[in-house]
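Notes follow the structure.
Letters A, B, ... mirror the listed sequences (proteins, then strands); counts begin at 1. Reckoned from all heavy atoms, side chains included, excluding hydrogens, waters and symmetry mates. These figures come from a predicted structure and were not determined experimentally.
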2 protein chains.
Amino acid sequence: MTKGRVTVIDIAKAAGVSKSTVSLVLQGSSLVNEGTRSKVNAAMRELGYVYNRGAANLRQASAKSKIIGVVVNDLTNSFFAELAVGVDMVVQSAGFVQFLSNTSESIDRQREVIASMREHGISGLIVSPARATESVDFKPLVAAGIPVVVVVRSLPGAKVSSIVSDNQGGTSAAVEHLASLGHTRISFLGGFPDTAVFEERLAGYVDGLKAAGLGFHEELVVSSAPSRAGGVDAIGRAMAMSDRPTAAVCFNDAVAFGVCDGLRARRMEPGRDFAVVGFDDVIEAQTAVPALTTVSVDPQGMGRRAAQLLLKQINAGKAEPESVATAVRLVVRESCGAAEKKAGRKTA
Amino acid sequence: MTKGRVTVIDIAKAAGVSKSTVSLVLQGSSLVNEGTRSKVNAAMRELGYVYNRGAANLRQASAKSKIIGVVVNDLTNSFFAELAVGVDMVVQSAGFVQFLSNTSESIDRQREVIASMREHGISGLIVSPARATESVDFKPLVAAGIPVVVVVRSLPGAKVSSIVSDNQGGTSAAVEHLASLGHTRISFLGGFPDTAVFEERLAGYVDGLKAAGLGFHEELVVSSAPSRAGGVDAIGRAMAMSDRPTAAVCFNDAVAFGVCDGLRARRMEPGRDFAVVGFDDVIEAQTAVPALTTVSVDPQGMGRRAAQLLLKQINAGKAEPESVATAVRLVVRESCGAAEKKAGRKTA
DNA sequence: CTAAATAATTGGAACGTTCCAAATTTGTCA
DNA sequence: TGACAAATTTGGAACGTTCCAATTATTTAG
């Protein structure tokens with residue numbers, strides 16, 4: 001109707017009260033009389049009032065902005081899309097909205113979006129850091145009292161909370177499973193050795209060997225890029241050995257798919273002639289042929305958990321850094337050679 | 001250092017100028033002297049100044065909030081994740097940030113998140129509407145002069161811009177391709193008939209038949225839920241006919257996968273005994289066995305285009321509703337029976 | 001019926017920015 | 001040098017909310 005937007009003052013005038021009272025109603029204060037409250041609410045509906053959070057944030061602490069930032073390194077990867085959905089679920093039902101940005105592993109981009117989010121006054125931040133992120137990148141945030149939760153990839157010296165999957169437990173379980181199938185020469189394939197995630201998964205591999213009573217042989221660890229191409233490369237080097245492995249735990253599912261490709265190129269069928277286990281349980285893992293045995297990490301649950309932790313810290317006012325490793329589950333399918341034929345295919 | 005946050009006034013004091021000048025610098029105005037500009041910038045760096053967009057928005061039109069809202073109905077679906085990435089790309093490089101929310105096809109959720117976004121003063125909105133969204137749901141937005149771009153699913157009577165894929169052209173091309181392979185009884189399987197997308201794809205199917213000189217037979221159109229289970233159901237009904245089809249264009253890839261499942265349950269091999277074409281080109285389409293021939297819609301490009309259109313409208317001040325259909329491309333793989341053996345598999 | 005306690009309401013001063021009109025400085029030209 | 005124009009700079013008044021202290025209305029207790 002009129003030019004400008006509808007403000008509390010318009011509502012106050014229409015309801016015959018003061019703007020302060022309207023503000024009280026807005027905040028659900030128990031100080032206002034039931035009668036006035038409904039009068040005010042009616043006026044708001046009548047005039048089509050829209051709350052202006054920007055103005056409110058000017059007076060309040062950033063903890064009440066009701067915005068949380070979410071930064072992921074690769075939204076194209078369904079793992080991170082699921083994670084974002086998990087975050088969105090809990091964040092939305094707490095009345096927050098999420099700023100979601102994608103860095104594509106670019107650290108500059110990451111810096112930019114985090115700066116931008118700060119300008120908008122986020123109450124907290126959930127971030128899956130781009131490769132090579134330094135803990136110092138989050139210094140200003142924590143100095144400003146904004147809670148930060150790092151997910152997926154842990155950040156060494158940073159004084160922020162983190163939620164990562166139980167990498168060590170995952171590969172350990174994978175190795176033990178392979179050992180129980182009778183394998184004794186089990187390889188660890190793929191991944192860059194200079195990352196925290198690699199170290200953890202490798203440590204689990206070593207644990208698993210020990211638990212199964214097998215010895216650790218350094219030559220069975222073959223690193224490569226954590227990609228499909230890297231997997232092809234790694235299995236190539238593994239098969240060139242004199243005493244070949246008969247099974248492999250891979251750094252992640254992408255590597256595992258590459259390993260399968262490489263095996264076929266050598267006329268070997270994954271699952272039958274060589275056992276392959278991945279890590280992540282990406283969406284394609286269950287529909288691939290053969291279906292991939294892998295360690296499932298439930299990204300959506302991880303997102304939910306991260307959001308819960310962040311909200312807790314936002315509400316608490318100050319953030320005690322807290323680290324949690326989420327449980328992980330070995331999903332046995334066909335590529336390890338242990339699966340029962342083709343069960344599970346639902347044909348009508 | 002000090003308690004409160006650093007404001008323009010602190011910067012002004014430190015640089016020995018007025019707050020107005022600092023504001024001018026912030027906006028990159030050409031009115032300020034080069035010397036003062038750098039003095040001010042130095043002070044900002046020195047004191048760790050963080051721009052407060054909330055305060056700025058209080059004075060400016062919402063077009064300058066630099067926030068755009070993105071609402072999708074299913075982020076778990078990689079189609080929409082890609083779309084969001086496309087939006088993020090152009091939006092980010094224009095200095096905007098995106099509020100991303102997921103509705104899970106819930107219309108209430110959609111209403112909530114849009115309301116929340118309005119409170120935050122978004123400059124524009126990109127939305128892939130949840131099923132059963134009414135055009136009236138966007139009335140308040142457009143009344144407030146906030147540009148809205150609807151993507152993927154068009155909204156009949158709404159006075160907003162929309163970007164949808166060329167559904168009609170896509171199915172038409174699919175039918176012509178099947179006809180060129182010698183098929184004469186081509187079925188259209190899956191999808192709910194009461195949606196705009198269904199109508200368009202069906203219209204393309206009819207076009208394609210006409211172009212190929214084939215007649216339209218109503219019984220060859222079998223609708224069902226647009227899901228894998230729906231596909232199983234649809235092919236079941238199609239195969240129960242006396243004069244069976246030998247090929248099918250499916251409503252989308254999910255239906256197509258279901259159709260493949262259903263065929264196998266009848267001891268028929270998709271691609272060899274029956275030609276199947278999908279729509280969307282979801283990520284699994286190329287890795288499935290057999291690889292799915294489908295109509296590719298490039299969700300990321302669609303996201304980019306939507307963002308560009310939205311930004312144009314935001315900058316123009318007022319939004320002329322504009323409708324564009326993005327081009328679509330038939331990707332021939334194995335499931336239609338036309339593919340050259342197993343080319344394209346890159347085995348090292 | 002009054003004093004004190006309690007409940008409900010309210011005006012103004014913030015919050016950190018932008019914008020306007022006006023003031024000041026600098027430059028140009030005869 | 002003086003006058004005028006151009007280039008820079010600058011106080012305040014918004015913007016729409018919340019919060020505080022203060023006020024007014026209503027109960028309760030004695």
Trace of the side-chain contact (heavy atoms from CB on, under 4.5 Å) decision for B:L83 with B:Q300:
CA-CA 5 Å; B:L83 186 101; B:Q300 194 168 310; over 6 Å; no
Checking the side chain of [X] only, and the main-chain atoms of [Y] only, is there a donor and an acceptor separated by less than 3.5 Å?
X      : Y      : result
B:N315 : B:K312 : no
B:S161 : B:E322 : yes
B:S154 : B:V150 : no
A:Q313 : A:E320 : yes
B:D88  : A:N102 : yes

Would you please say whether a donor-acceptor pair under 3.5 Å links the side chains of B:T103 and B:S106?
no
So that I can tick it off, tell me whether B:R153 and B:E105 are bridged by a salt bridge, with the cut-off set at under 4.0 angstrom between side-chain N and carboxylate O.
yes
Salt bridge between B:E119 and A:K66, side-chain N to carboxylate O under 4.0 Å?
no
Tell me which of B:V22 and A:E34 sits closer to the 5' end of DNA chain C, going by the nucleotide each one is nearest to.
A:E34
Count the heavy atoms of every other residue, nucleotide or ligand shown that sit under 6.0 Å from CZ of B:R305, and state whether that count exceeds 12.
no
N/O to N/O distances under 3.5 Å, protein versus nucleotides 24-27 of chain C:
none

Provide, to the nearest angstrom, the distance between the [atom1] atom belonging to [X] and the [atom2] atom belonging to [N].
X     : N      : atom1 : atom2 : value
A:L31 : D:dT23 : CG    : C1'   : 14 Å
A:N33 : C:dT10 : CG    : C1'   : 15 Å
A:R53 : D:dT18 : CZ    : C1'   : 14 Å
A:R37 : C:dA7  : CZ    : P     : 15 Å

Please list, pair by pair, any protein nitrogen or oxygen found under 3.5 Å from a nitrogen or oxygen in nucleotides 10-17 of chain D.
unit_1	atom_1	unit_2	atom_2	d
D:dT10	OP2	B:S18	N	2.8
D:dT10	OP2	B:S18	OG	3.3
D:dT10	OP2	B:T21	OG1	2.8
D:dG11	N7	B:S20	OG	2.9
D:dG11	O6	B:S20	OG	2.8
D:dG12	N7	B:K19	NZ	2.8
D:dG12	O6	B:K19	NZ	2.8
D:dA14	N3	B:R59	NE	3.4
D:dA14	N3	B:R59	NH1	3.0
D:dG16	N2	A:A55	O	3.3
D:dT17	OP1	A:Y49	OH	2.3
D:dT17	OP1	A:N52	N	3.4
D:dT17	OP2	A:V8	N	2.6

So for the helix from C:dC1-D:dG30 to C:dA30-D:dT1, with five pairs setting each end axis, what is the inter-axis angle to 10°?
40°
side-chain contact (heavy atoms from CB on, under 4.5 Å) with B:V87: which of B:L100, B:L310, B:I126, B:V149?
B:I126
